[in-house]
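Right, one structure below, let's go through it.
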Amino acid sequence: MHSFFVLTQSQPVGLTRTQSANNLVTDSGAAGTALACGFKTNNGALGVLPNGQPVGSVLEAAKLNGFKTGLVVTSTINHATPAAYSAHSADRNAYAQIAAQQVGYSHPLGQAVDVLLGGGRCYFKPEGSSASCREDNIDLFAYAEKRGYHVAQNRSDFDALDLGRGNVRLPILGLFNDGDLSYEVDRKQQAEDVREPSLSEMTEVGLNALHRATHCKEKGFFMMIEASRIDHASHANDPAAHLWDVLEYNNVMDKVLKWIDAHPDTAMISVADHETGGITLPSRHDPSRLTSATQSIEYLTELWENYDGSDRRGYLTSDILPAYGLSDASGSDIDSILSGSFASRLSALLSSRAGIAWGTGGHTAVDTTLYAYAVGDMGEQLKLDVAGSFDNTELPWYVADALKVDMDEVTALLRGNGTDWVPT
C-alpha cells in the first residue's frame, strides 16, 4: 500500500512558481488547478483549460484506480483548492454545482470523494431550508446519505466519529459551518459543546478513517489538507488570525510527520498555492504582541456592526479593543477607529505594534516554499526528486507517477462526456 498527502500551505526542499495562464499573479482557482491537474488555466477557472476543456486531477486518477480519497479544509469544502481536486467548472464561484460534483450527484464519472471535511453546509441544503445557499431543491445531504455517506454537521456529530476510530466507516461528509470554518483564534473561544473541530482534529479523522479502509490493501489513499483560512487572514491583513491559523497548521504538520514515521509507506508534499498579503517582517518585529488577541477582526467587525447601544466609544474600549490585544490603545487611536474604517484601523494598529508590514490585500507573484517528507529510502529519494525550483504544474504529475495512476486517462473519460456538464 502506498499513500500520499498533499498539504497546501516538514521539510523545505525547494520553491514553486505560481503564475496562471493569463496573469503573473494567480488566483486560487488557477493555482488549485495547477496543483491538482498539472495544467495552467485562467484565473477564475477550476479543473478546465482556458478553452473550457476539462482536465483530470490526481485525486480523480487515484479514485479511478482504486485508491480512497479525502479532502480536509478550513474553508467551505467547495472552495477553490478542494474543488480543483474534485470538480470542474469554468467559474470557481459555481459553488452549488461544484458541491454536487464532489459527492457524485453530477460528476460525469460518478466519482465521489470518500472523506469530505470542512465548511460549506449551506451549499448542501435545498432552497427554502434554513441557511441554504442553493437556488434549487437539490438536497445533497439527503443524496449523500442515500449514497452511503455518514453525515456530520455539528460538534456532537463530529465527536461521534471518534477521530475516525469508531464504528463510522467511509464515506464521510462532515461540514461544520454554513460558510467557512471559524478562524482558529475564534474557534478556541467557542463553548466546548458547540466548538467546531480544528484542522488537526479533522486531519486525524481523515488519517484514521482512510487508513482503516486501506490497511493491508493493495491500494492506499490520497488526501489533500488545506489550512485555507491562513489565506483569508492574509487577505484581511489580520495578524492575529494569521498567527493562530499558522500555529494550528504547525499542529497538523506535527501530526502528519508523526503519522509518516509510524507508517513509512506514506509520503507528503506541502506547498502554498500562492502568497497572500505581501507580508514582511522588518527588523525588530515582535510576534509576541499578537498573543493577547482572543478574536479575529472578522468576528469583532460583526460585533461592531451589530452593536445597537448608545456608547460606541465605551463599547470599543471595554469590549472590542481588549479582545484584539489593544487594551492600551491611546485616545488618538480610538478616535482613528471611530472616524475611519473599523477593520483596517484595527489591522494597522496591531500590525504596527507587532512590527508586521502588509503590502497588499490580494495575492502576490512570489515563489512559494516547497516541503516534502518521507522516511527511509523513500524519504531520501523524495528529497532528491523534488529539491529545487519547479513550476506548480509539475507537482501533480510527480504524485501521479508515484501512485502509478494516469491523469490523462481521467481527462479522456471526462471529455468523452462532452462539456455541457461543466458549469460556466
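Residues: numbered from 1 along the sequence shown. Just the heavy atoms: all of them, side chains too, but no hydrogens, waters or symmetry mates, feed the values below.
Going from atom CG of Leu116 over to atom CG of Leu71 covers 5.5 Å, rounded to the nearest 0.5 Å. Between the OH atom of Tyr149 and the CG atom of Leu140 there is a distance of 10.5 Å, given to the nearest 0.5 Å. Atom CG in Asp333 sits 11.0 Å away from atom CG in Leu338 (nearest 0.5 Å). Atom-to-atom distance recorded for Arg17:CZ and Thr368:OG1 is 10.5 Å, nearest 0.5 angstrom.
Side-chain contact between Asp238 and Glu298: absent, with no pair of heavy atoms (C-beta onward) separated by less than 4.5 Å. Considering only heavy atoms from C-beta on, Tyr299 stays 4.5 Å or farther from Val185 through its side chain. Within the 4.5 Å cutoff, side-chain heavy atoms of His242 are placed close to those of Ile230. Residues Lys40 and Asn392 form a side-chain contact, since some pair of their non-hydrogen atoms from C-beta on lies under 4.5 Å apart. Leu321 places a side-chain heavy atom less than 4.5 Å from the side chain of Ile334.
In this structure, Ala233 and Tyr183 approach most closely via the heavy-atom pair N-OH, 3.2 Å. Shown here for Asp139 and Phe124, the closest heavy-atom pair between the two residues is OD1-O, 3.6 Å.
At least one donor-acceptor pair closer than 3.5 Å links the side chain of Asn22 to the backbone N or O of Asn43. Using modelled atom types, no side-chain atom of Gln153 and backbone atom of Arg121 make a donor-acceptor pair closer than 3.5 Å. The main-chain N or O of Tyr123 is found under 3.5 Å from a side-chain atom of Arg134 such that the two form a donor-acceptor pair. Side-chain atoms of Arg155 come within 3.5 Å of backbone atoms of Arg195 as a donor-acceptor pair (strictly under, hydrogens ignored). Ser129 places no side-chain N or O within donor-acceptor distance of the main-chain N or O of Ser132, the cut-off being under 3.5 Å. A donor-acceptor contact shorter than 3.5 Å is absent between the side chain of Lys383 and the backbone of Val13. A side-chain donor-acceptor contact under 3.5 Å links Thr33 to the backbone of Gly29. Asp245 contributes a side-chain N or O that, together with a main-chain N or O of Glu184, makes up a donor-acceptor pair within less than 3.5 Å. Under a 3.5 Å cut-off, the side chain of Asp27 and the backbone N or O of Gly44 do form a donor-acceptor pair. Judged purely by atom type and a 3.5 angstrom limit, Thr74 uses its side chain to pair as donor or acceptor with the backbone of Ser228.
Between the side chains of His107 and Glu60, at least one donor N or O lies within less than 3.5 Å of an accepting N or O. A donor and an acceptor atom, one from each side chain of Ser89 and Gln97, are nowhere located under 3.5 Å apart.
Under a cutoff of 6.0 Å and an axis angle of 45°, Arg229 and Trp244 do not form a cation-pi pair.
Of the residues listed (Val399, Leu370, Thr16), the one engaging Val386 in a side-chain contact (heavy atoms from CB on, under 4.5 Å) is Leu370, and it is the only one.
Dense packing is recorded around CD of Gln190, with more than 12 heavy atoms of other residues, nucleotides or ligands lying under 6.0 Å away. Enclosure of atom OH in Tyr315 by more than 12 non-hydrogen atoms of other residues, nucleotides or ligands within 6.0 angstrom is indicated. In the displayed structure, Asn167 atom CG is contacted under 6.0 Å by at most 12 heavy atoms of other residues, nucleotides or ligands.
Below 30°, between 30° and 60°, or above 60°: for Trp304 and Phe342 the angle between ring planes is below 30°, a parallel geometry.
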Test side-chain contact (heavy atoms from CB on, under 4.5 Å) on Met202 and Leu199; report intermediate values, then the result.
CA-CA 5 Å; Met202 294 190 297; Leu199 184 61; 4.1 Å; yes

